[in-house]
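Data first, discussion second: the structure below is written as structure tokens.
Naming: A, B, ... by sequence-line order, numbering from 1 per chain.
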2 protein chains.
Amino acid sequence: MSEQPTYLRIAGDLRQRIADHEWAEGAQLPSRAQLAKDFGVSDAIIRRAQELLIAEGILEGRAGSGTYVAEQRKRLRMTRSCLSGRLDEAPGGPDLGALGGMETWESRSDGIVPAPKQVACRLGIAEGDYCVRTAYEHLSDGKPVYLSTSWEPYEITSGTLVMMPDGGPLAGAGVVRRMAEIGITVTHAVERSEPGQVNAEEANLLGIQRGAPCTRIERTFYGDDGRAVETADIVVPATLCEIVYEVPVWQGSDSSD
Amino acid sequence: MSEQPTYLRIAGDLRQRIADHEWAEGAQLPSRAQLAKDFGVSDAIIRRAQELLIAEGILEGRAGSGTYVAEQRKRLRMTRSCLSGRLDEAPGGPDLGALGGMETWESRSDGIVPAPKQVACRLGIAEGDYCVRTAYEHLSDGKPVYLSTSWEPYEITSGTLVMMPDGGPLAGAGVVRRMAEIGITVTHAVERSEPGQVNAEEANLLGIQRGAPCTRIERTFYGDDGRAVETADIVVPATLCEIVYEVPVWQGSDSSD
DNA sequence: TCGAATTTGTGCGTATGTATC
DNA sequence: GGATACATACGCACAAATTCG
């Protein structure tokens, strides 16, 4: 116990051995009792080490069956290209289809709701002002890959045909197109990215383990008048998607490094 | 126990009460024993719930003292702007200084090493080909905020004055400038972003808790000939930095949403 | 179909070490 | 030194899910 706690040492050992392909993807690990005997520690310590690796998405526990090396599903690449004339835009989502099969989504606008404080702040409106909220489940080849919830200020689209993202003639069209329809040009988006874990509900929707690592993105679209036209909370599980940004490098600036 | 395990229910309860500011930032929570009595569960369950929140960066445990609501240090904003003539570039790092004080860094090039498989793949060179590896510790107002390790193919800078990032006349200058010096124009970067946790060593360097959530970015710079000129592993702890991308929206594309 | 064995998931009590006050 | 509180570790019990005879 000199330097590192036992459970961390064992977690590291298992992590290394999995990286070295001692166990194949999808293979079952020895049982807790067996590992405890192998390592000469108690049952609970093995459990604790495994919990760490499960949270990291490396292992997967199946009740009644065993602990397995998590399968690396072929992940959907979500690319934001800032380089050329790519359009990166889907409802609460970026450019899909860069890699992989059929990307689709299901949405349910759950109507007009007062903006929570955080959302109001991002949209530059007052807390409690009305918004159209829409929840999306994004699918690739029919399987869920990431989630998003979007808010649009009611004031902007109120009375137009594009008020509901999933209704009207442009049902299912992206924010950019829908806003263009009512004379608003969307110029850019700002994305705030944070690491996190999926909660039980999200895990259920995505068909993955609770606590699996994910990236939470707060994305806000801005119109040519500088106003925010939509903001979204996007949950991107690391096991299902990889996030790639392509950014240009501007020469001759004050690169102070 | 109907739906959710007790420890998750309690974790959720505490998370909510912290969000509601029942305890201020930096405030000490009641002791485990007290909370166990309050919730009518065992000591261990409280511990388990608290461990979850500590992993989420919401709580902070101090041995011998107590459990505290984690202080939200004013975070450094790391912005990648793809919009105008901003330069986003520092060694293994992006535009700093958008918000906050003095941004500096310390680096130690630990010499010429054979490229590991992953790095070789990102640089488009063969495994084992030599690289100049440099580790950076990025500081804001003297305090560490994020870490990075960069690899540059030895072949590119070999024999030039800019071979070592922290040596020669352009010591401490960014990749873009150093490459410009030897006639290579860096045109763009690709960043792959993944959620993760900091390990013990990183936590130590950053002065934060082990297991704290972070974003791991694999960034690769490309020259005008399409060759990769540098790649870096960047560790951005969520508690110290926020990551923001500004991306343009291209009108009239196949926005299929 | 049933049931027993196995394995994980959850919960509890306790002991020891160590840091803080 | 003593009291308190967290960190780690062990042992046990039971539930739930799975597997297999």
Distance check needed: [N] [atom2] versus [X] [atom1], whole Å only.
| X | N | atom1 | atom2 | value |
| --- | --- | --- | --- | --- |
| B/Asp43 | C/dT16 | CG | P | 16 Å |
| B/Tyr68 | C/dA19 | OH | P | 16 Å |
| B/Ile45 | D/dA13 | CD1 | C1' | 13 Å |
| A/Arg210 | C/dG9 | CZ | P | 9 Å |
| A/Ile46 | C/dG9 | CD1 | C1' | 16 Å |
| A/Arg48 | C/dT10 | CZ | C1' | 15 Å |
| A/Glu60 | C/dT7 | CD | P | 18 Å |
| A/Glu51 | C/dG9 | CD | P | 8 Å |

query = Step by step, would you call B/Glu127 with B/Lys117 a salt bridge (Lys or Arg N to Asp or Glu O under 4.0 Å)?
reply = CA-CA 5 Å; B/Glu127 186 175 352; B/Lys117 190 174 171 186; 5.6 Å; no
ask   = Can you tell me how far CG of B/Leu206 sits from NE2 of B/His138, rounded to the nearest 0.5 angstrom?
value =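 With rounding to 0.5 Å, NE2 (B/His138) is 10.5 Å from CG (B/Leu206).
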Gap between atom CZ of B/Arg32 and atom CG of B/Leu35 - 0.5 Å precision =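 It comes to 10.0 Å.
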inquiry  = Main chain of B/Ser65, side chain of B/Gln28: is a donor-acceptor contact present, judged purely on distance under 3.5 Å?
reply    =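 At least one qualifying donor-acceptor pair exists.
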ask   = So does B/Tyr7 get a side-chain nitrogen or oxygen closer than 4.0 Å to the phosphate oxygens (OP1/OP2) of C/dG11?
value =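 False: B/Tyr7 side-chain N/O out of range (4.0 Å or more) of C/dG11 OP1/OP2.
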inquiry  = D/dA9, OP1 or OP2 - any side-chain N/O from A/Thr6 closer than 4.0 Å?
reply    =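 For D/dA9, OP1/OP2 do have a side-chain N/O of A/Thr6 under 4.0 Å.
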Quick one, [X] and [Y] - any side-chain contact, counting heavy atoms below 4.5 Å?
| X | Y | value |
| --- | --- | --- |
| A/Cys131 | A/Leu123 | yes |
| B/Ile46 | B/Ile10 | yes |
| B/Tyr68 | B/Leu59 | no |

Polar atoms only, N or O, under 3.5 Å: list the protein pairs with nucleotides 1-3 of chain C and their distances.
none

query = Of B/Arg133, B/Arg219, B/Arg122, B/Arg192, which meets salt bridge (charged side-chain N to carboxylate O under 4.0 Å, His left out) against B/Asp233?
reply =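 For B/Asp233, the salt bridge (charged side-chain N to carboxylate O under 4.0 Å, His left out) check succeeds only for B/Arg122.
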request  = Can you figure out which of D/dT8, D/dC10, C/dG11 approaches the side chain of A/Ala44 most closely?
outcome  =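 It is D/dC10.
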request  = Could you tell me whether the side chains of B/Glu191 and B/Tyr245 share a donor-acceptor contact shorter than 3.5 Å?
outcome  =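 On atom types as modelled, these side chains qualify, holding a pair under 3.5 Å.
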Within the sub-3.5 Å range, which N or O atoms of nucleotides 1-6 of chain D have a protein N or O partner, and how far apart are they?
residue, atom, partner, partner atom, Å
D/dC6, OP1, B/Thr67, OG1, 3.4
D/dC6, OP2, B/Arg32, N, 3.1

